[in-house]
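This report refers to the structure that appears directly beneath it.
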Amino acid sequence: MKFRAFLISTALTAVTISYGTLAHAADVKEVQMLHWWTSGGEAAALDVIKQAVAKQGFAWKDVPVAGGGGGAAMTTLKANVAAGNPPTASQILGYYALEYAEQGSLADISSLAGKDGWDKVVPAALQKFAKTNGKWGAVPINIHSVNWIWLNKAVMEKIGGTEPKNFDEFVALLDKAKKAGVIPLALGGQPWQEATMFDSIVASTGGTDFYKKAFVDLDEGALKSDTMKKSFDNLAKLRDYVDPNYTGRDWNLATAMVIKGDALVQVMGDWAKGEFAAAHKEAGKDYLCYRFPGTDGSVFYNSDMFAFFKVPADRQAAQLALAQVTMNPDVQSAFNVIKGSVPARTDVSDAAFDICGKKGIADVKTANAKGTFFGSLAQNYAQPPAIATAYYDVVTKFMHGGIKTSDIAVTELVKAINAAK
Ligand code: BGC
């Protein structure tokens with residue numbers, strides 16, 4: 001019997017159920033899912049997966065650990081895994097998944113991957129994190145990218161702004177908003193948000209090759225170069241355009257400032273789009289999406305994966321059910337339309353997506369073909385977590401005055417990264 005048909009049959013009485021190859025009578029019919037999708041847009045997107053899992057006859061046990069960027073969730077996950085009590089699956093970002101795979105904590109769901117042909121539809125860049133030694137231990141639900149800006153269209157019209165094409169034009173636009181009495185830049189002053197914005201600043205200041213050299217190759221010359229200094233100078237420039245209450249603000253509250261027209265723009269990964277969608281705002285009509293000025297043509301990505309840990313036999317059917325629905329093309333389309341991201345499968349049509357989503361899908365394709373598709377350092381796709389954390393520390397100290405100059409910032413960055421290696 002096909003997996004889907006068998007799962008539908010579970011709706012019948014227990015006596016008549018016949019079990020297929022993926023499940024047995026004693027299976028735990030529950031998916032426990034650890035994640036940090038607690039904002040309005042995120043929760044709405046997750047609902048697509050919950051519904052799909054329910055259709056397969058599995059109950060949903062939500063294990064939310066709030067905190068954008070996933071830092072708190074990763075701490076909880078670590079404790080659960082160490083205690084021998086991993087969830088069915090956990091939302092996870094690249095290098096975290098690799099570390100668990102390398103320490104032998106992940107399950108092997110390769111037989112399902114083989115049966116459903118994931119090798120052919122998931123970009124190689126993502127497979128590097130979902131697969132270790134040829135074995136699938138995680139599945140990607142999406143591709144996000146950090147190099148986006150999100151603008152309130154009415155405010156843009158009010159101040160007579162046009163799309164900024166480079167960093168200087170971006171600063172000029174922010175200045176225009178400031179003069180018009182609008183908060184120019186909606187930012188949440190939390191380390192992961194500041195580092196996420198800095199990824200884009202570095203890519204814009206130095207170009208894609210520089211980003212790669214510095215953050216992917218960790219070339220020391222690039223890390224302490226004048227271009228990196230200039231990137232910190234540019235970060236300091238943007239700091240002049242945030243409101244006084246930005247410290248500690250959650251990312252989705254910053255998005256809400258743009259949605260309401262209290263601020264002109266947010267620099268944020270395309271999960272911000274999920275908040276516009278949840279507020280029933282329309283791309284191109286209520287808000288505008290542009291690539292971070294000076295980075296169009298490149299995609300600095302992260303992908304939300306679901307990692308499957310080694311669990312007793314009676315919990316494996318739940319893992320396979322979740323993996324299968326996650327990789328279903330219809331689920332990938334429906335989820336990503338709401339989430340703001342792009343499907344992780346290259347064979348999903350862009351028909352259901354709005355103009356920003358269509359651009360996102362096209363950009364991934366182009367960047368992949370051109371070799372300008374790079375993992376975000378802030379989002380754990382360029383380096384292991386220890387290095388990303390070292391990066392957060394330096395960027396946030398600089399942002400909040402603990403590091404006074406760009407010269408000191410680059411010295412501290414090299415020091416912190418070397419210590420974390
Ligand atoms: C995740 C997104 C999430 C965002 C904010 C990112 O690390 O990839 O899915 O929406 O954090 O919570």
Side-chain angles (χ1 to χ4, degrees), residues 33-50 62-77 89-97 125-126 129-130 138-148 150 186-200 248-256 258 266-279 289 299-307 326 331-332 335-344 356-357 360 364 374-383 385 388-389 391-392:
M33 171 84 185
L34 194 151
H35 63 87
W36 63 93
W37 283 334
T38 54
S39 79
E42 291 172 332
L46 182 59
D47 215 45
V48 171
I49 295 171
K50 278 187 202 175
D62 213 38
V63 190
V65 183
M74 288 302 96
T75 306
T76 302
L77 177 64
S90 174
Q91 180 189 357
I92 206 157
L93 298 173
Y95 274 94
Y96 279 101
L126 264 49
F129 298 98
V139 292
I141 179 68
N142 64 6
I143 300 172
H144 271 303
S145 46
V146 298
N147 57 318
W148 287 106
W150 308 91
L187 179 66
Q190 297 173 343
W192 76 271
Q193 288 185 62
E194 291 158 345
T196 298
M197 181 167 87
F198 194 59
D199 277 359
S200 290
R249 176 186 288 139
D250 285 335
W251 69 273
N252 54 317
L253 300 183
T255 314
V258 177
Q266 181 182 22
V267 178
M268 189 42 75
D270 39 14
W271 44 91
K273 191 164 107 68
E275 298 306 296
F276 285 95
C289 57
V299 172
F300 301 94
Y301 74 90
N302 69 309
S303 162
D304 291 304
M305 298 199 175
F306 300 157
T326 301
V331 170
Q332 292 240 338
F335 174 92
N336 286 302
V337 161
I338 299 174
K339 186 68 171 68
S341 37
V342 162
C356 302
V364 164
F374 288 110
S376 152
L377 177 55
Q379 290 292 323
N380 294 290
Y381 272 85
Q383 297 297 334
T389 305
Y391 171 61
Y392 284 16

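Residue indices begin at 1 and follow the sequence shown. Atoms within each ligand, like the ligands themselves, are counted from 1 in listed order.
In summary, the atoms of ligand 1 found under 4.0 Å from a heavy atom of Trp36, numbered by their order in the structure, are 1 (C), 3 (C), 4 (C), 6 (C), 7 (O), 11 (O), 12 (O). Residue contact check: Gln379 has heavy atoms under 4.0 Å from atoms 6 (C), 7 (O) of ligand 1. For ligand 1, the atoms lying closer than 4.0 Å to a non-hydrogen atom of His144 are 2 (C), 8 (O), 9 (O). Ligand-side atoms of ligand 1 in range of Gly69: 5 (C), 7 (O), 11 (O), 12 (O), range being under 4.0 angstrom from any heavy atom. The ligand atoms of ligand 1 that sit less than 4.0 angstrom from a heavy atom of Leu93 are 7 (O), 8 (O). Taking a cut-off of under 4.0 Å to the non-hydrogen atoms of Lys339, the atoms of ligand 1 that pass are 2 (C), 3 (C), 9 (O), 10 (O). Set against the non-hydrogen atoms of Glu42, the atoms of ligand 1 under 4.0 Å away are 3 (C), 4 (C), 5 (C), 10 (O), 12 (O).
Interatomic distance, CG of Leu93 versus CD of Gln379, reported as 6.0 Å (0.5 Å rounding). Between the OH atom of Tyr95 and the CG atom of Leu377 there is a distance of 10.0 Å, given to the nearest 0.5 Å.
Annotation: Asp304 places an N or O atom under 3.5 Å from an N or O atom of ligand 1; distance criterion only. Between Trp192 and ligand 1, a contact under 3.5 Å exists for no N or O pair.
Checked by atom type, the side-chain pair Asn142/Ser341 shows a donor-acceptor distance below 3.5 Å.
Trp37 has its ring centre less than 6.0 Å from the ring centre of Phe335.
Here the side chains of Ser200 and Phe300 are not in contact, with every heavy-atom distance at 4.5 Å or above.
Not one N or O on the side chain of Gln193 forms a donor-acceptor pair closer than 3.5 Å with the backbone of Gly189.
Note: Trp192 and Trp271 have tilted aromatic rings, judged against thresholds of 30 and 60 degrees for the angle between ring planes.
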